[in-house]
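Data first, discussion second: the structure below is written as structure tokens.
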Protein chains: 2
Amino acid sequence: MPNGGQPTIVSIAERAGVSIASVSRVLNGQGARRDTTERVRRAAAELGYVPNAVARSLKGGRTRQLTFAMPDIGNPVYVAMVRAIQEVTKAAGYRLLLHSTDAVAEDELAVLRSLQDRTSDGLILVPIRITDAHIAALGEAAGPVVVIGSLPDGVPVDSVRADSVAGAALAVRHLHATGRRRIAFVNGPSDTVPGRNRELGYRRALAECGLPYEPALVAHTDFGVDAGARAVERLLPARPDAVFCANDQLALGASHALLARGLRIPDDLAVAGMDDSELAQVGWPPLTSVDLGSSERGRRAAELLLDRLEGPGSGPAAGPGAAHAAEPGAEPTRAPTGAAGDAPADRAGGGAPAGPRSPAPPRTSTAHPRLVVRASTAPATDPPTR
Amino acid sequence: MPNGGQPTIVSIAERAGVSIASVSRVLNGQGARRDTTERVRRAAAELGYVPNAVARSLKGGRTRQLTFAMPDIGNPVYVAMVRAIQEVTKAAGYRLLLHSTDAVAEDELAVLRSLQDRTSDGLILVPIRITDAHIAALGEAAGPVVVIGSLPDGVPVDSVRADSVAGAALAVRHLHATGRRRIAFVNGPSDTVPGRNRELGYRRALAECGLPYEPALVAHTDFGVDAGARAVERLLPARPDAVFCANDQLALGASHALLARGLRIPDDLAVAGMDDSELAQVGWPPLTSVDLGSSERGRRAAELLLDRLEGPGSGPAAGPGAAHAAEPGAEPTRAPTGAAGDAPADRAGGGAPAGPRSPAPPRTSTAHPRLVVRASTAPATDPPTR
DNA sequence: ATGAAAGCGCTAACAC
DNA sequence: GTGTTAGCGCTTTCAT
């Protein structure tokens, strides 16, 4: 027995006394005589036959696997996304591969490149930083990619973003409205897209509220619980009466450090986070946070991806690079280092395939933020609540 | 162009003017003339060639993918396991597929069966309940499986367990030692293995400490934060001075409910959890918990699995019968259809195929629990700490 | 309706 | 050292 002992269509064909073609047809629900159908089904059942997914993939050019690559699988926000994505892809009959990049750009690029080995049919990527290398890699991706996050204009890739500038502003205005005047900000790394946007929202809201921007009230650190705890300690000397954190993990860490110092939340300081992840409800006191629509974005990203896959020219792979010539002034995707006019040779290099598959312009959808108020930002003065 | 425009060994062969066999050899680091090597490498680079993993898998009989199926990807304990497993499998060159079963037995069985479609080479499974169906499926699994959790004796499967009976007892004794006398217990479902074991440990420790078992102090619920909150409410009338919870999620929920009622932790009640997951440190007050060695177990499980995979007959597929004759005194791996007295005819009837693959006897390793004391269980009376 | 045969992209014998 | 060839298990023409 050549393989691992698993039955194949050949075993079934022998047992049922038909050809492998008939087996395939019956098993794929195509027409066949009653008798044949019967025998094949029986043989398959008796043998406990399960089709070999690898062989199918090789033949069909699709693995029916999708990849979701996120910065940190330990962050509940991404877990929420996983759940939402899973729901959509599972319904469509795709398996989901999860990949935690630890926010390492190199790892993100590797994932992008890995599309080339045809292990998965498509990719949903949550990059934390967007470098030129990312943009280049995105353009050359060997299959459809959807980015969750903000991409520079003109990058021809589907994306789903959250308006985190507005989201951050929402939180800050809320703090101001509840009487806080010295609003500190614990941000993630400032060289990340979320980091930049949240800072922008913070400053904008400050300005709107007529509050000055005080560098001493702002800290940058890594995203993460411990980081939040350490960062808020550094801000305490500036005597804030509220701390706005760029995500829930930071906010939880900050709360922790504050409480450990004997400070009271919200009486002494209010604390607010972002993402409205599970952590917000689990924290003590429950954390005011800004819902950035994580599940929604996950779901939407999955839908976009499936659309590329099954939608128009649902061929084996989406057209690589060359297709995107739509953008005026777009540079060539890849220079086929060799004879220029050598038609047959460089076909592989990414020359436009004969088929006029329309690249379908990239689509972007944006989720709108929503403030979720909880105990951590109750007004300092005796709350008039009932 | 038949495929997605991706270069194949054929494209390379043409471009380099050699045969596909040479391409394969060069690319796989086998000997070849300087000149040939050079040309192939160059062609591959120019074309941006990446080998098609699917084709490789079909040929080799291995996908180099492993599956980890756990009850809930939202539980930090499993995230810790994922990290540990990932570390091991990645180093060995395997991709990891994650699967969240939501503790649905049916889903666990499906995962087991899915080994048959050859999508992954092996499986690490964390079942929450073990039914007869599980045991049967485990025996018939089409590839190596390692179970994280306690299996009944005699099930021929590798497993890694935690001594959660001892772990639970540890926590209860600690509560007793710090002056608590009415120790409530919020458990998970009693028909799960962890649920049963933790209850056993609770009762055992109670007895050791000379404390009576009071049903009014015990609640069963689902594992989960909300469940913990609701459950502890029901126990309050019994006036506990401590609450021991079967995992950190429950404990966090319980703390939450207690604090929300204006009770103080640990002054009014002590709270302890299990698993020592991230949640324990993130909770307020920081949660005393029992480290059940999640990372350790994950790592160990991955090692066991890899051992099965690469260890003995690391051939293409598990072991085509004839091979394993090596082990002295080993039982026959699989009855080669029609061989010795081993019931041959039943291949048809769907009965267990020859023998449940048992090349090497199942191995089991056990992680030992360790108590991690934090603020949530400080003695009620003024702590003599320094 | 069914069977024979041609591959999908790759590796590994087996000749030269 | 290199090329030719035979599959891995499956789907799909193309004849019959």
Side-chain angles (χ1 to χ4, degrees), chain A residues 1-41 44 47 49-64 116-119 121 142 315-317 348, chain B residues 1-40 43-44 47-64 116-119 121 142 315-318 320:
Chain A
M1 196 160 296
N3 69 359
Q6 292 286 305
T8 71
I9 47 171
V10 175
S11 344
I12 298 181
E14 284 168 358
R15 190 182 188 92
V18 299
S19 74
I20 62 168
S22 290
V23 174
S24 179
R25 283 190 208 101
V26 170
L27 264 25
N28 291 311
Q30 306 206 18
R33 207 194 311 152
R34 268 293 276 269
D35 175 46
T36 311
T37 309
E38 193 68 16
R39 308 231 304 276
V40 170
R41 284 213 200 298
L47 258 25
Y49 172 79
V50 174
N52 181 318
V54 175
R56 256 195 185 153
S57 296
L58 180 57
K59 183 67 189 158
R62 291 145 52 266
T63 52
R64 301 207 73 88
Q116 289 186 98
D117 76 8
R118 306 268 121 198
T119 293
D121 297 343
Chain B
M1 192 156 300
N3 69 359
Q6 292 284 305
T8 71
I9 48 170
V10 175
S11 346
I12 298 181
E14 285 169 357
R15 191 180 186 94
V18 298
S19 75
I20 62 168
S22 289
V23 174
S24 178
R25 282 190 208 102
V26 170
L27 263 26
N28 289 312
Q30 305 205 19
R33 208 194 306 152
R34 268 293 277 267
D35 175 47
T36 311
T37 308
E38 192 67 16
R39 308 232 303 277
V40 170
L47 258 26
Y49 171 80
V50 174
N52 181 319
V54 175
R56 255 194 186 156
S57 295
L58 181 58
K59 180 69 188 157
R62 292 147 49 266
T63 52
R64 302 208 74 88
Q116 289 186 97
D117 76 8
R118 304 266 133 202
T119 293
D121 297 343

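Every chain is numbered from 1, with letters handed out A, B, ... down the list of sequences.
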Given that Ala55(B) and Thr36(B) both sit by DNA chain D, which one's nearest nucleotide is further toward the 5' end? Thr36(B)

For Asp121(B), side chain to side chain donor-acceptor pair (under 3.5 Å) partners two or more places apart: Thr63(B)

Difference in axis direction between the ends of the helix from dA1(C)-dT16(D) to dC16(C)-dG1(D), five pairs, 10°: 50°

Please report, rounded to the nearest Å, how far the P atom of dG9(C) is from the CD atom of Glu14(B). 12 Å

Show me the pairs that pass side-chain hydrogen bond (donor to acceptor under 3.5 Å, both in side chains) and involve residues 30-39 of chain B, at least two apart or across chains. Asp35(B)-Arg39(B)

Gln116(B) has an atom CD; how far is it from atom P of dG9(D), in whole Å? 15 Å

Non-neighbouring partners of Ser57(B) that pass side chain to side chain donor-acceptor pair (under 3.5 Å), sequence neighbours left out: none

Among the nucleotides dC8(C), dC10(D), dG3(C), which one has an atom lying closest to any side-chain atom of Ser22(A)? dG3(C)

Identify all pairs in which a protein N or O lies below 3.5 Å from an N or O of nucleotides 5-7 of chain D, and state each distance.
residue, atom, partner, partner atom, Å
dG7(D), N2, Lys59(B), NZ, 3.1

Neighbours of DNA chain C within residues 23-32 of chain B, by heavy-atom distance under 4.0 Å: Ser24(B), Arg25(B), Asn28(B)

Base, sugar-phosphate, or nothing: which does Val18(A) touch, judged by heavy atoms less than 4.0 Å apart? sugar-phosphate

Scan Ser57(B) against the nucleic acid and name what it touches under 4.0 Å (heavy atoms): base, sugar-phosphate only, or nothing. nothing

Which atom pairs, one a donor and one an acceptor, fall under 3.5 Å between side chains of residues 18-25 of chain A and the rest of the protein, sequence neighbours left out?
residue, atom, partner, partner atom, Å
Ser19(A), OG, Ala21(A), N, 3.4
Ser19(A), OG, Ser22(A), N, 3.3
Ser24(A), OG, Asn28(A), ND2, 3.3

Could you check if a side-chain atom of Val40(B) sits within less than 4.5 angstrom of a side-chain atom of Leu27(B), using non-hydrogen atoms only? yes

Do the non-hydrogen side-chain atoms of Arg15(A) and Leu47(A) ever get within less than 4.5 Å of each other? yes

Just N and O in the side chain of Ser19(B): are any of them under 4.0 Å from OP1 or OP2 of dG3(D)? yes

Strictly below 4.0 Å: does Arg33(A) bring a side-chain N or O up to OP1 or OP2 of dT2(C)? yes

